[in-house]
Number of protein chains: 2
Amino acid sequence: MTNLEPDEQSARNGNPVANLSRDIGEYIRQQRSNAKISLRQLAKLAGVSNPYLSQVERGLRKPSAEILQQIAKGLRISAEALYVQAGILEQRQGGPVVDAVLADPDLSERQKQVLLDVYESFRRENAAEASVTKSTVEGSDVDGAGPETRTPPKE
Amino acid sequence: MTNLEPDEQSARNGNPVANLSRDIGEYIRQQRSNAKISLRQLAKLAGVSNPYLSQVERGLRKPSAEILQQIAKGLRISAEALYVQAGILEQRQGGPVVDAVLADPDLSERQKQVLLDVYESFRRENAAEASVTKSTVEGSDVDGAGPETRTPPKE
DNA sequence: CGCGGGCGCTAGCTCTTGCAAGCGCTCAGC
DNA sequence: GCTGAGCGCTTGCAAGAGCTAGCGCCCGCG
């Protein structure tokens, strides 16, 4: 998915709204795939109709924030993550966990660093597992942005 | 305005959705009043029609997140503030760190629990140190002095 | 007085969102 | 073979979102 076809590339540069719509759909499908549940199961968990969820995933419809909230509940992820993908909420820079830990007034700087080290090691551990599944990709840790960067392992 | 009329009071208790709709409308009107601009001026600044903005303020229509974003821009306030009033974004309850960790799709449930356990042990450790520092009044750690005033109100 | 400008609102319209009913396909069991 | 269960998708519809055209009201000015 990192290699877009030429027309998709130009469409992406030309109409960001349509791209956002496609982004949220792909993201939902990806999270659903990660959770290993069918479209119908998610629709039921989320309390939305399964045809509509299908349309949303394929970018044919643009769900409201309320629907995104329900889908997030069904996926057991935060609604904010979906809002960000849908373009109705700004993405935090360092990621929600990093931001929250750094901002926590109850932690000393050393404790913050320890927590973030544990967090990063978990993420590396998970990335390594994903890399083994994909191929043996050795190198520096590419991810630093957020969940979005996990899209490629789907391929 | 803090004294609701009796029928308004009962309507508020009966239909939370309508209440949320009314809440965001009143909030927008209040912010507009604070900014000392007319409905038409705000509509123009926000890029929405003035009749529609009027309807939104009176609770007759329920704006999408995109419209809220535009209104926020016109009011020069954060969109998040309007989202919270509209009920599509939660005020953080369990604390930013807990929320962020639980919502992180890159972590397994076990890793989340480990991280939160470490986090809570740090907080307990700091609470114990805060008790000692409090009795001595002068603490070596300035950061420790600050959090102790925050911790009790949160519990 | 009439006029212009500003105020907030009504009514009717188009388009979008989300749903229900149903379709065709695949697979497992009898 | 048939049946049932599950899969994702198509189609048509109703309700709601957001707009345009226009209204009545108020105020200041000549």
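Here is how names work: the chains are called A, B, and so on, in the same order as the sequence lines, proteins then strands, and each is numbered from 1. Everything quoted here is computed from the prediction, not taken from an experiment.
- A distance-only check finds no donor-acceptor pair linking the side chain of Y119(B) to the backbone of V114(B) [under 3.5 Å].
- The CD-C1' distance, from E57(A) to dC9(D), rounds to 12 Å in whole Å.
- Pairs engaging residues 30-41 of chain B under the salt bridge (Lys or Arg N to Asp or Glu O under 4.0 Å) rule: R32(B)-E57(B) [sequence neighbours left out].
- Residues that satisfy the side-chain contact (heavy atoms from CB on, under 4.5 Å) test with Q111(B), not counting sequence neighbours, are F122(A), E125(A), N126(A), L107(B), S108(B).
- Salt-bridge annotation for E26(A) and R58(A): absent, with no side-chain N of the basic residue lying under 4.0 Å from a carboxylate O of the acidic one.
- Remark: the R29(B) side chain and the S33(B) side chain contain no N/O donor-acceptor pair separated by less than 3.5 Å.
- Comparing the local axis fitted to the first five base pairs of the helix from dC1(C)-dG30(D) to dC30(C)-dG1(D) with the one fitted to its last five gives a bend of 10°, rounded to 10°.
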Without placing hydrogens or testing angles, list every side-chain donor-acceptor pair under 3.5 Å for residues 70-79 of chain B, not counting sequence neighbours.
{"residue": "Q70(B)", "atom": "NE2", "partner": "A46(B)", "partner atom": "O", "Å": "3.0"}
{"residue": "Q70(B)", "atom": "NE2", "partner": "G47(B)", "partner atom": "O", "Å": "3.3"}
{"residue": "S78(B)", "atom": "OG", "partner": "A81(B)", "partner atom": "N", "Å": "3.2"}

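- Between the C1' atom of dC19(C) and the CD1 atom of I71(A) lies a distance of 14 Å, rounded to the nearest Å.
- Using a distance-only test at 3.5 Å, with no hydrogens or angles considered, a donor-acceptor pair links the side chain of Q41(B) to the main chain of S38(B).
- In this structure, the CG atom of L53(B) is 10 Å from the P atom of dC19(D), given to the nearest Å.
- Annotation: K112(B), atom NZ; neighbour count of heavy atoms from other residues, nucleotides and ligands within 6.0 Å is above 12.
- The two residues A43(A) and L53(A) come nearest to each other via the heavy atoms N-CD2, 3.6 Å.
- With rounding to the nearest 0.5 Å, the separation of OG in S121(A) from CG in L116(A) is 11.0 Å.
- Look at NZ on K44(B): it is 13 Å from P on dT20(D), rounded to the nearest Å.
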Within the sub-3.5 Å range, which N or O atoms of nucleotides 14-17 of chain D have a protein N or O partner, and how far apart are they?
{"residue": "dA17(D)", "atom": "OP1", "partner": "K62(B)", "partner atom": "O", "Å": "3.4"}

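- Here the straight-line distance linking atom CG of N50(A) with atom CD of Q55(A) works out to 10.0 Å at 0.5 Å rounding.
- The distance between atom CD of E66(B) and atom P of dT16(C), rounded to the nearest whole Å, is 14 Å.
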Interface polar pairs with nucleotides 5-8 of chain C, N/O, under 3.5 angstrom:
{"residue": "dC7(C)", "atom": "OP1", "partner": "S38(B)", "partner atom": "OG", "Å": "2.8"}
{"residue": "dC7(C)", "atom": "N4", "partner": "R40(B)", "partner atom": "NH2", "Å": "2.7"}
{"residue": "dG8(C)", "atom": "OP1", "partner": "R32(B)", "partner atom": "NH1", "Å": "3.4"}
{"residue": "dG8(C)", "atom": "OP1", "partner": "L39(B)", "partner atom": "N", "Å": "3.3"}
{"residue": "dG8(C)", "atom": "OP2", "partner": "L39(B)", "partner atom": "N", "Å": "2.9"}
{"residue": "dG8(C)", "atom": "OP2", "partner": "R40(B)", "partner atom": "N", "Å": "3.3"}
{"residue": "dG8(C)", "atom": "N7", "partner": "R40(B)", "partner atom": "NE", "Å": "3.0"}
{"residue": "dG8(C)", "atom": "N7", "partner": "R40(B)", "partner atom": "NH2", "Å": "2.9"}
{"residue": "dG8(C)", "atom": "O6", "partner": "R40(B)", "partner atom": "NH2", "Å": "2.1"}

